[in-house]
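This one's a predicted model, so the numbers in the text were calculated from it and none came from an experiment. Letters A, B, ... are given to chains in the order of the sequence lines, protein chains preceding strands, and every chain is numbered from 1.
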There are 2 protein chains.
Amino acid sequence: MAEDYVELIAELIESRGEARPVEIAERFGVKPPTVTKNISRLKAAGLVRREPYRAIFLTDAGQELAEACRRRHRIVVAFLLSLGIDEETAERDAEGIEHHVSETTLKAFEQALVPSQSDT
Amino acid sequence: MAEDYVELIAELIESRGEARPVEIAERFGVKPPTVTKNISRLKAAGLVRREPYRAIFLTDAGQELAEACRRRHRIVVAFLLSLGIDEETAERDAEGIEHHVSETTLKAFEQALVPSQSDT
DNA sequence: GGCAAAAGTTAGACATGGCTAAGTTTTCTA
DNA sequence: TAGAAAACTTAGCCATGTCTAACTTTTGCC
């Protein structure tokens, strides 16, 4: 859960300047109270900074985690695309796969990617 | 959960003739009460047949699900191996990945496999 | 500036999947 | 064949992640 949340929060801050519970709820297809509860767990875990009724921001730890997650996500998606999978499916499957690939497998994905495109 | 369980139960029945809670607990690294509880859920879901204190067997539905899971598992593992990943990592990662790959991605994995080896 | 709508929170319920402690059943073996 | 060991179950606890209903705060607009 934490990984998906910090990843999305980082994206929202980048594209919108701030991350709001209502957008998180929409993106994950859950209800607002679920987001509130999960955000407070993230706060307890030291991953986000936040005051009630205010936007959500990442701590340094949160930013590091988000960056690691986004890197994995990028690699997995690029790899699936390189296999000829359509974008929508690649995104959807990557979402599930990215939390389960070891660094070893990630490296192998990157390797297999090099011949076709120079991404990272 | 159900998928992992029926998959393992099928394997145990094949290799041992029956599936016992104690072996399931060991393989999943959980305690026996957890297995008891989960098995009763599988029973409620119509996937296994079972009397208290006896071995566990799959219903027809359970066998079908197990077969589908084992196929996916086989494909994912073969694919990871074809990427040059070591067996242990391939097995471990496949365990996590197999529940998140769409049929589309699975097909792509199979496709990408053909040039190197004829498995399936 | 005040009120309605939107956003967010709190409280309380439920399902899943894990645990320990304690009891029961089955199996093994002396 | 009895008693000990192993296997299994029950009961009750906890954390996670979801929900609805009801309430509070903030925002936006007339």
Q. Touch check for Pro33(A), heavy atoms < 4.0 angstrom, all strands: base, sugar-phosphate only, or nothing?
A. base
Q: In whole angstrom, give the distance that lies between atom NZ of Lys43(B) and atom P of dC8(D).
A: 15 Å
Q: Tell me yes or no: between the side chains of Glu91(A) and His73(A), is some donor less than 3.5 Å from an acceptor?
A: yes
Q. Atom CD of Glu51(A) to atom C1' of dT25(D): distance rounded to whole Å?
A. 14 Å
Q) Going by an N to O cut-off under 4.0 Å, is there a salt bridge joining Glu103(B) and Lys107(B)? A) yes
**Q.** Arg20(B) side-chain N/O to dA7(D) phosphate OP1/OP2 under 4.0 Å
**A.** no
Q) Of the options Glu3(A), Glu98(A), Glu14(A), Glu11(A), which is the one that meets Arg70(A) in a side-chain hydrogen bond (donor to acceptor under 3.5 Å, both in side chains)? A) Glu14(A)
Q: Using a cut-off of strictly less than 4.0 Å, decide whether Arg50(B) has a side-chain nitrogen or oxygen near OP1 or OP2 of dT9(D).
A: yes
Q. Quick one: Ile24(A) CD1 to dT9(C) C1', roughly how many Å, whole number?
A. 15 Å
Q | Minimum-distance pair of heavy atoms, taken over all atoms of Ile13(B) and Ala19(B) | A | CG1-N, 4.0 Å
Q: Describe the nucleic acid contact of Pro21(B) in one word from base, sugar-phosphate, nothing, applying a heavy-atom distance below 4.0 Å.
A: sugar-phosphate
Q.
Would you call the rings of Phe28(B) and Tyr5(B) parallel, tilted or perpendicular, taking 30° and 60° as the class edges?
A. tilted
**Q.** Rounded interatomic separation in angstrom, taking CD1 from Ile39(A) and C1' from dA7(C)
**A.** 14 Å
Q) Does Arg50(B) pair with Glu18(B) as a salt bridge, N-O distance under 4.0 Å? A) no
Q. According to a strict under-4.0 Å criterion, is Arg54(A) in side-chain N/O contact with OP1 or OP2 of dT25(D)?
A. no
Could you write out each protein N or O paired with an N or O of nucleotides 15-18 of chain C at a distance under 3.5 Å?
unit_1  : atom_1 : unit_2   : atom_2 : d
dG17(C) : N7     : Arg41(B) : NH2    : 3.2
dG18(C) : OP2    : Asn38(B) : ND2    : 2.9
dG18(C) : O6     : Lys37(B) : NZ     : 2.4

Q.
By nearest atom, which of the nucleotides dT26(C), dT26(D), dA7(D) is closest to the Tyr53(A) side chain?
A. dT26(D)
